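Below is one structure, written out as structure tokens, with a few remarks after it.
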Amino acid sequence: MESPIQRYDSLWESFNSDVLKRMATLWGGSSKMRKDECILYLKNALNDPQTIDAGIARMRPYERAALSIIKLFGNTLNLRMLDIAIRATGVELSRTNYGYRSGDEIGRSLTERGIVMPSGGSRYIYYGYGSDATQVFTDDRILARVPPLECLPLRITAAEYPGVSTFRREQNVLLDVISIVRTLEDIGGIGLKKSGEMRSNDLNKFAKKLGWGDHIELDGMRFPEPSQAYLAAMTTSGLLVPRNDALVSSASLEQIGVQPTIHLLRSLTQGTRDMTPWIEYGSERTNYWLKDHAPRGRLAILTALRCLPDRLAWVRFEEFERALFDRIGEVFAIGMLKSGPYKFRQTDAEYRAELEKWRAELRASWIQETVPWLQAVFQTWLYAFGLVEVSLEGKEVDRFRLTDVGRALLWDETPEQEIAPPQTQTPAWVVQPNFDVVVYLGSASTEQVAFLEHHAERLQVAQHTAQYRLTRDSVYGGLQRGSNVERLLSGLAAGSRVELPGNVVAEIRTWASLRERIRVRRQADLIEFSNAAARQRAIESGTPGLEVGERFLLLPVDYSKAAVAAVAPEVLDYTQKPPRCLLVTEEGLLTCTTLSPDLLTPGFLEIWAERKSNISWQLTQKSVLEALRRGRTLAELMAFLRDRLLGILPEILVVALRSWAGEKTLANIAETIVLQCPQSGVLDAILASQTLKPYLLGRIGPDAILVRSSEVEKVRDVLKWAGIQVSAKLTAQRN
Amino acid sequence: MLPPNRLHRNLPILEVGEKILLDELLLDTQLSAMVLIRLSDRTALIDPARFAALTARLRKLGHLPKVEE
């Protein structure tokens, strides 16, 4: 990813003249200039490389170190990270009245002299002292003139070659990134919640596809929560971007394949350095301090690795962590850092004793908390991204040395000359008759690795080789992602050390030809003519397309919209709501109100209902059950009817459809006797009778009571006893 | 009077190389329920809501459809 150009020009106006004078003097200007003169001077100064060179030469060593760190590790860092990285270089910090400069003082000095600039302009300088989260950057014109980082070598002696060691080639890392990008393509990205958080279902799907669990083992070392780590690093570095509520790759596999791997590794390392959602320990040990301190610590480690006295030598981990502690142990710990003692009414001897005690406590705490984290850093991303070669003693890194990749990243060496594999298509693999492809990673270019990832299934990766297999599915996948059979075969041949086996070539051609047998187009355009003659006239007058059936013409992808509009003025776009064209009865008889509905309607009705005429269909229990058996859902039918009905869908039909679909709908029907009595007083008396109560079901309407049919004779007896004449006929209600 | 010619835009379509192949595909009850109309011997209209399901079904049946988005 290209970084945006960063300039100071738009920020000058936000500073007052005192600050601008200090900035102007840094670049050789006079301290007596007015504000507008300072701005003009600064603008001119930064356009003159010689003025910049002279200014850099006048800077204090730690100021120059700050610029070199920014140039090497990426142009936007927060001040606290920068402060600790400066200390990790071992460069002399100028003394103040109270001892060496504090982080705040270093940050203030760097910003007030315009060596770095807060991304938000002057706000930090006036209101933000002590705000160590302030992001700063440097003008690109200054960075272009900054010399390489000058470090004081760490006090470390070269260790002996351990005999057994392991490292990862840049191609291994590239394969990881390509797998991630391809997996994201396959699953359509990782959905993002409104808060920006990744959706856990998608995360699980992503991890499952890659075969990743809570952690992975990399050559005997534990890498916790790889999904979170890689996704966070790739997001922070800009390799992944949010698009349409999903996290997707910012570049295609082909684009990744053609860029030098070292650029990718630099992005990945920068992304890992700055990220906070993941910590090398794994989330079970995460707390506020770890997440807040980890980015500072990571930059300090990278800077310290740049300070190794011999960049090719093996180093004991123990010596490295000790040397790092000596440089930053008083200002950095991965956990909480105990503040140093203040000198107040103490003798010098007493104060020195307190200082010693404090340093001993810091060291003990460093060993207990920071050293395990440093081990985890070496065993996770430093190793996984191919920056270090390690030798293990049990579960711990005992010795390490920088790899070619590590040296290229830390010394900013030209990758094309130093470490990049050949970018031309040199023989890098052997395709075997059983369709396995053995890849010699040392000879394979980034593009070739991406090519294989595109067309073949990766079986395993070792330090020097990778094994792939060409399968029907993998070749199909490659073709679906935009490749073609000739490109596949020529690419395979170009990368192969021996001639491609004939059976492999023949089989790939067969697979490719199978793909030509069935074509599925999501959004095709089709002209429906009134009859065959009208279609023939259109074809003869130049309308392109493939004749389909008697009246249709399937248009090519790149047809002229204007020419087709002249032939078919009426347009039906199926991404829009369809025209309403159906009537329905309570009994489920569907009638089409037009002889030419949209093309989907008749087909849909054929699935769900029995055809009655050329314009009517009948929904029946049998037809609905048949559609459900074939995998359709009632929700689809409801949506179809909702979109196309001219009136409302009768509720009783909805009940019937649901019931046919298997939804339980309960109702009871039983025989009862109606006792009708037009005299309301008599009816009330009957209802109130304790004798009759067990035989009655309740009142219906103004003049009737329901009687249990099994008890009708008992009721009749009571009524007879009460002198009520009972007839067998009901009289109709007056309404 | 004849109806005017109509342009149907953005329709999902299934095309096959030979008539017999479409006959064979439509024998699959699940797949045939995703096809709405057979426009010709070799072309059929797909239910837009079932486009992804249809391509997945084709793959499950062992075919290698050329899918064009």
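Order of the sequence lines sets the chain letters (A, B, ...), proteins ahead of strands, with each chain counted from 1. Nothing here was measured: the structure is a model prediction, and the numbers come from that model.
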Tell me, please, whether F206(A) has K209(A) positioned over its six-membered ring: NZ or CZ under 6.0 Å from the ring centre and within 45 degrees of its axis?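 No, K209(A) and F206(A) do not form such a contact.
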Portion of [X] that has a non-hydrogen atom of chain B nearer than 4.5 angstrom:
{"X": "F552(A)", "answer": "side chain"}
{"X": "L526(A)", "answer": "both"}
{"X": "Y476(A)", "answer": "side chain"}
{"X": "A524(A)", "answer": "both"}
{"X": "R551(A)", "answer": "neither"}
{"X": "V564(A)", "answer": "side chain"}
{"X": "T633(A)", "answer": "both"}
{"X": "L479(A)", "answer": "neither"}
{"X": "L595(A)", "answer": "neither"}

Have a look at L582(A) and tell me which of T593(A), L605(A), T591(A) forms a side chain to side chain contact (heavy atoms under 4.5 Å, CB included) with it.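 Output: one option passes, namely L605(A).
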By a 4.5 Å heavy-atom criterion (distance strictly below it), what part of [X] contacts chain A: side chain, backbone, both, or neither?
{"X": "L58(B)", "answer": "side chain"}
{"X": "T55(B)", "answer": "side chain"}
{"X": "L21(B)", "answer": "side chain"}
{"X": "L54(B)", "answer": "side chain"}
{"X": "R38(B)", "answer": "neither"}
{"X": "L14(B)", "answer": "both"}

Answer yes if the side chains of [X] and [Y] hold a donor-acceptor pair under 3.5 Å, and no otherwise.
{"X": "S474(A)", "Y": "T471(A)", "value": "yes"}
{"X": "Y574(A)", "Y": "D598(A)", "value": "no"}
{"X": "S32(B)", "Y": "R630(A)", "value": "yes"}

Just how far is it from atom CZ of R515(A) to atom OG1 of T510(A), taken to the nearest 0.5 Å?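 Nearest 0.5 Å value for the CZ-OG1 distance: 15.0 Å.
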Main chain of G191(A), side chain of D202(A): is a donor-acceptor contact present, judged purely on distance under 3.5 Å?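 Yes.
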Would you find more than 12 non-hydrogen atoms of other residues, nucleotides or ligands less than 6.0 Å from K561(A) atom NZ?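 Above 12, so yes.
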Centroid separation under 6.0 Å, is that true for the rings of F640(A) and W617(A)?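 Ring-ring flag for W617(A)/F640(A): false, centres at least 6.0 Å apart.
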Would you check if F435(A) and R472(A) make a side-chain contact, meaning some heavy-atom pair closer than 4.5 Å?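 No, too far: nothing below the 4.5 Å cut-off.
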Heavy-atom pair count under 4.5 Å with chain A, highest-scoring of M34(B), Q30(B), R59(B):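 Most heavy-atom pairs under 4.5 Å with chain A: R59(B).
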Contact winner vs chain A - P12(B), P65(B), S40(B), heavy-atom pairs under 4.5 Å: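 Among the listed options, the one with the most contacts to chain A is P65(B).
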